[in-house]
Each structure stands twice: as C-alpha cells, then as structure tokens.
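Each remark here refers to the structure printed beneath this line.
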Amino acid sequence: MGKFTRLRKNKSYDYKPRYFDDKGEGNPYKIQHKLDKYRTTVGPKQGLKSKFGNAFSDLRKEGDRNMKIRMAIIIAILVFAFLYIIDFDLSIFSIK
C-alpha cells in the first residue's frame, strides 16, 4: 500500500545553452521577435489610445521609395497574371 501512496519525484535537468556566453546581453531563454526592438507598439504596458497613436505615427512615416516601386510592380504583375488566367480581354490596355 505504501508504494501506491508515494508520489514520484519529477526529474530535474541542469540545462546550459551551448552557444550562450555569459557576457552577452539579455536573457537567452526569452523568446522575442527579431523586429520587436524597432516597433513602437511593443514594449511596456500602454493604454489602447497610446497604442493606436503610435501605430498611426508609424503609418505616417515616409518609407523606402525603392520598396514602394518594387511592391507596385509586383502587384501589377500579379493583377495582369490574374486577368490573363480568367481570360480577361487584355487588348483594352494596348495602344491602337
């Protein structure tokens, strides 16, 4: 009867990360996204109003011009590919 009432002890492991040096910064066990340090909406607890304010200020910032041009070209190619697949008459875009 004594065996059934005794609980087993949980196994404990002494885990040390292989590629972590103690001189590094931060906690090696903390899971964090790569870009969190650049975001203004992530961080200490804020109210809903300040989060929206930070998000809208990020939207107002001027972005990379080359990225915008590249995105416009990719979207145009995808739209034309979609129109071609659904057999849309693409001749309306040509100059006569």
Side-chain angles (χ1 to χ4, degrees):
M1 183 83 179
K3 277 188 173 180
F4 296 113
T5 57
R6 265 187 269 145
L7 297 176
R8 286 181 25 198
K9 285 193 168 197
N10 293 334
K11 294 180 182 178
S12 62
Y13 297 98
D14 186 24
Y15 175 74
K16 292 181 180 136
R18 181 181 295 179
Y19 301 108
F20 174 69
D21 60 345
D22 292 333
K23 298 170 191 148
E25 61 183 39
N27 186 355
Y29 305 109
K30 185 175 181 183
I31 298 173
Q32 187 176 11
H33 194 269
K34 293 178 186 177
L35 302 176
D36 277 350
K37 58 185 170 185
Y38 302 111
R39 293 186 180 135
T40 57
T41 55
V42 176
K45 290 188 177 185
Q46 300 173 344
L48 189 61
K49 184 177 177 181
S50 62
K51 283 185 183 181
F52 275 112
N54 289 339
F56 283 124
S57 68
D58 285 347
L59 283 175
R60 282 190 219 114
K61 289 182 184 173
E62 191 66 29
D64 185 17
R65 185 171 187 268
N66 293 333
M67 183 197 63
K68 289 181 181 180
I69 293 172
R70 190 179 315 124
M71 186 63 70
I73 291 171
I74 291 171
I75 290 173
I77 289 172
L78 290 174
V79 166
F80 282 124
F82 174 73
L83 292 176
Y84 181 75
I85 289 171
I86 65 168
D87 290 332
F88 185 76
D89 188 17
L90 294 175
S91 64
I92 62 171
F93 296 113
S94 64
I95 299 172
K96 291 182 181 180

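Values below: all heavy atoms of this structure, side chains included; hydrogens, waters and symmetry mates excluded. Along the sequence shown, residues are numbered consecutively beginning with 1. Model, not experiment: these values are computed from the prediction.
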Following the transitive rule for hydrophobic clusters with a side-chain heavy-atom cut-off under 4.5 Å over Ile, Leu, Val, Met, Phe, Trp and Tyr, establish whether F80 and L78 coincide in one cluster. no
Tell me, please, which residues at least two apart from I77 pass side chain to side chain contact (heavy atoms under 4.5 Å, CB included). I73
So which residues get pulled into M67's cluster when ILVMFWY side chains under 4.5 Å apart are joined, directly or through others? none
Minimum heavy-atom distance between S50 and G47, given as atom pair plus value: OG-O, 2.9 Å
Hydrophobic clustering (ILVMFWY, side-chain heavy atoms < 4.5 Å, transitive) - are I69 and V79 grouped together? no
Under the side chain to side chain contact (heavy atoms under 4.5 Å, CB included) test, residues paired with I85 that sit two or more places apart: none
ILVMFWY cluster membership beyond Y13 - transitive side-chain contacts under 4.5 angstrom: none
Identify, with sequence neighbours excluded, every residue that meets side chain to side chain contact (heavy atoms under 4.5 Å, CB included) alongside R60. F56, S57
Which pairs pass salt bridge (Lys or Arg N to Asp or Glu O under 4.0 Å) with one or both residues in residues 67-80, sequence neighbours excluded? E62-K68
